[in-house]
Amino acid sequence: MFNLWELTFCCSACLIALLDCYYFAITLLVFLCCCFLCPRLMETNVGVNDHPELKPETDQSDCNKKEEGVKRKRMKERSEVWEHFVKEDLPSGRQATCKYCGMSYKCEAKKNGTSVLWAHINRCRKYPYNTPKDSKQSLLSFKSAKVTSAAGGTSGLTYHKFDAGSIRKALSYMVIVDELPFKFVEGIGFRHFCGVMERRFNVPSRITVAKDCFETYLTEKRKLKNQLKKCNSRVSLTTDTWTSLQQINYMCLTVHFIDNDWKLHKRILNFCPISSHKGDDIGKEIEKCLLNWGLEKVMCITVDNASSNDTAIGYLRRKMNGWKTGVLKGRFIHMRCVAHIVNLVVSDGLKNVNESIQRVRHAVRFIKQSPARLQRWNSTYLMLSAAIELEDAFERYSEEDPHYLLDLSERDGKGSPDADDWNNVRRFSKFLQAFYDLTMHISGSLYVTSNLFFHELVSVCILLKDLVSSDDPDMCLMACRMKDKYEKYWGDPEKINLLIFIVVVLDPRYKLDYVEWMITEIYDSIGASKLVKNVKEALNALYQDYRVSSYGDGNKVETASSSDEKIPMSPKHKKIEVLKNKYKKHK
């Protein structure tokens, strides 16, 4: 066996031989011998390592390090795809096996990604929550009882197919309809709910939901634009402005129109901040909105009785006359809000209410602690009607709670309501009910209300006339104040929009003769004759204007409005029925 000393001797001999060029052949022979001896030397070293007692200490430390590396914990898989696969170490390499169908794929960390695994899950036929695209079979589920009742159908099985796009649209619809903040979709509870309901749906962020909502708005806007463009009828507009708590001025513009199938629609066109409540600024903003929507055929614009709205309507009338699309040069474009006028009339009459109403109001305020809402007349009516039904409860409350009588006695010295107060409140509540029903009747948006205005004006006028001649001084004083406010807006024939009368003329149940007779009943002879003359002239002018610019007849289906049948007959309506019977006798 050769050792290291022999190798050293051979290498030294080679060096000495190389120094002498004459002994080149000997040098070559020695080099060949060294090449022969090196493998023998390596075998010698391996043989030494076979004995445990001769192993170097460095080899032992390397083995310890390898054992520590094996014992180190493997990192947790971050991808959710591993919930559907099992890893296996095979001689050919690490593989991932599907838990449902048993299909295997290579899954080396540095060579293979998870894209192949996700693609398999999306098309795996045995995955219970997956419906392949090439399959015509869908998942069956039962309809909800509320959904079926709303749709008018019967409960039963229905099919369901996963569609991420439809779910995102439904999510944006929920955010819009329920007025939810965009960050709602990032809540822990909502994401957990979506994970339980549909694990395949990836809940979007609030930015994505905001984009989806805006895309929904653009889609609906295009649909409404096309619908308005194809509509043969004119449109009517309502607008209102107000100032928020942040001192920002806002305006809302709503369009009302009847489509070609004779269905009434109400759509909000614009909700935007405006620079001020000046009439010119309001008119310019409305003009900008109309141009944006391509609306030119406007019949009338309903506004409240602010002076700035008169300026805004004048500005729009000049612009529409330039467009040459108005009716009789915008003669009937300004429509004053009837509900707002009724509110002004009643509020003016209730400025100085009697002590009975004040006592009941203080009693309710002691229990509810809501002074702000009680300042509005319609809330006053609702408060009185509810308190009348609880008269016995208020009496029992005064017996049980000593602070009740003490507090009411300290408030202006009025005290708690007695039996006479409750009788007075019943009379006032019955009187206010007529105006409350009128306001609710003409404020509807799901049925046509223009043909109702004239009848309501007649009934209010007759009611006020009866109360002015009443023996009750409180009711008489209140009716006088309300009648003065009524005459301010509807007493002058020149200030009334004549469409209120013309729509009743076009009603085949009444016609022109009925309108003439009713006008003579509620106005004096001079005002009545002047108003009847104006109505006839306006009716003829409208006929001539529509005859020249006919918009086509088309096939239209006749429909009857059943709004009158939905409202129960109140004492106010009974009075107008008496007038109608009187008119029949007159005929």
Side-chain angles (χ1 to χ4, degrees), residues 233-234 236 256 258 297-303 305 310 313-314 317 320-321 326-342 345 438 441-442 448-465 483 486-550 561 563-564 575-587:
S233 66
R234 292 183 176 272
S236 296
H256 308 262
I258 299 177
K297 299 185 297 182
V298 179
M299 187 66 189
C300 62
I301 303 176
T302 303
V303 294
N305 293 279
D310 298 340
I313 295 298
R317 183 183 287 112
M320 291 181 183
N321 289 338
V327 177
L328 297 179
K329 297 182 178 181
R331 180 178 174 183
F332 307 112
I333 194 174
H334 189 185
M335 176 68 72
R336 300 182 184 273
C337 180
V338 177
H340 186 250
I341 295 177
V342 172
V345 170
L438 184 152
H441 195 196
I442 63 178
V448 179
T449 58
S450 57
N451 61 319
L452 307 176
F453 295 157
F454 177 68
H455 304 292
E456 299 297 341
L457 297 183
V458 172
S459 61
V460 170
C461 183
I462 296 173
L463 182 61
L464 292 178
K465 282 184 177 181
K483 192 172 186 300
Y486 177 91
E487 295 291 341
K488 177 182 179 181
Y489 292 104
W490 290 321
D492 188 358
E494 299 296 335
K495 295 182 179 180
I496 302 177
N497 192 320
L498 298 180
L499 289 181
I500 294 177
F501 308 100
I502 293 175
V503 293
V504 182
V505 173
L506 297 178
D507 191 335
R509 297 172 295 178
Y510 304 108
K511 300 185 179 180
L512 181 60
D513 193 35
Y514 171 82
V515 175
E516 292 181 10
W517 191 83
M518 280 294 182
I519 290 176
T520 57
E521 287 291 322
I522 62 176
Y523 290 97
D524 57 79
S525 58
I526 299 176
S529 60
K530 186 176 182 179
L531 184 57
V532 170
K533 179 181 178 182
N534 293 341
V535 171
K536 290 182 178 180
E537 290 179 355
L539 186 63
N540 293 327
L542 280 173
Y543 171 75
Q544 294 296 333
D545 188 78
Y546 273 86
R547 185 178 64 85
V548 174
S549 56
S550 59
S561 174
S563 60
D564 295 339
K575 289 183 179 294
I576 196 171
E577 287 298 324
V578 173
L579 272 182
K580 290 181 180 179
N581 293 330
K582 186 178 178 181
Y583 167 70
K584 292 179 180 179
K585 292 180 181 179
H586 167 74
K587 292 294 290 183

Please assess Arg331 against Leu498 for the test side-chain contact (heavy atoms from CB on, under 4.5 Å), listing each intermediate value before the final yes or no. CA-CA 10 Å; Arg331 180 178 174 183; Leu498 298 180; 4.2 Å; yes

Walk me through whether Val342 and Val460 qualify under side-chain contact (heavy atoms from CB on, under 4.5 Å). CA-CA 9 Å; Val342 172; Val460 170; 5.5 Å; no

With side-chain contact (heavy atoms from CB on, under 4.5 Å) as the criterion, how do Asn451 and Leu506 come out once you've worked through the C-alpha distance, each side chain's angles and the decisive distance to 0.1 Å? CA-CA 9 Å; Asn451 61 319; Leu506 297 178; over 6 Å; no

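Here CD1 of Ile462 is found 7.5 Å from CD1 of Ile522. Values are rounded to the nearest 0.5 Å. Separation of atoms CD1 (Ile496) and OH (Tyr523) is listed at 3.5 Å; rounding is to 0.5 Å. With rounding to the nearest 0.5 angstrom, the CE atom of Met518 is 11.0 Å from the CG atom of Asp513. Atom CG in Leu539 sits 12.5 Å away from atom CG in Asn534 (nearest 0.5 Å). Taken from OG1 in Thr302 to CG in Asn497, the straight-line distance is 8.5 Å, to the nearest 0.5 Å. Between the CE atom in Met299 and the CE atom in Met335 there is a gap of 8.5 Å [rounded to 0.5 Å].
His455 meets the side-chain hydrogen bond (donor to acceptor under 3.5 Å, both in side chains) test with no other residue; sequence neighbours excluded. Checked against ring pair (Phe, Tyr, Trp, His ring centres under 6.0 Å), Phe332 has no partners two or more places apart in sequence or in another chain.
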Identify every side-chain donor-acceptor pair in residues 524-533 under 3.5 Å, counting partners at least two apart or on other chains, and give the distances.
| from | atom 1 | to | atom 2 | distance (Å) |
| --- | --- | --- | --- | --- |
| Asp524 | OD1 | Ile526 | N | 3.2 |
| Asp524 | OD1 | Gly527 | N | 2.8 |
| Ser529 | OG | Ser525 | O | 3.1 |
| Ser529 | OG | Ile526 | O | 2.9 |
| Lys530 | NZ | Glu494 | OE2 | 3.2 |

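In this structure, Asn305 and Cys337 approach most closely via the heavy-atom pair ND2-O, 4.2 Å. Residue Ser459 comes nearest to Leu438 through the heavy atom pair OG-CD1, 4.4 Å, listed as atom of the first residue, atom of the second, then distance.
Electrostatic pairing of Asp507 and Arg509 counts as a salt bridge here, judged by a charged N lying under 4.0 Å from a carboxylate O.
Remark: the backbone N or O of Ala541 is not paired with any side-chain donor or acceptor of Asp545 at under 3.5 angstrom.
For the side-chain contact (heavy atoms from CB on, under 4.5 Å) criterion with Ile301, the lone passing option out of Arg317, His334, Met320 is Met320.
Ring pair Tyr583/Trp517 is tilted by interplanar angle, where 30° to 60° counts as tilted. By the 30° and 60° cut-offs, the orientation of the rings of Tyr486 relative to Trp490 is perpendicular.
Side-chain atoms of Phe454 and Val503, non-hydrogen and from C-beta on, never get closer than 4.5 Å to each other. Two residues are said to be in side-chain contact when any heavy atoms from C-beta on lie closer than 4.5 Å; Glu521 and Val458 fail this criterion. Contact check for Val505 versus Glu516: no side-chain heavy atoms found under the 4.5 Å cut-off.
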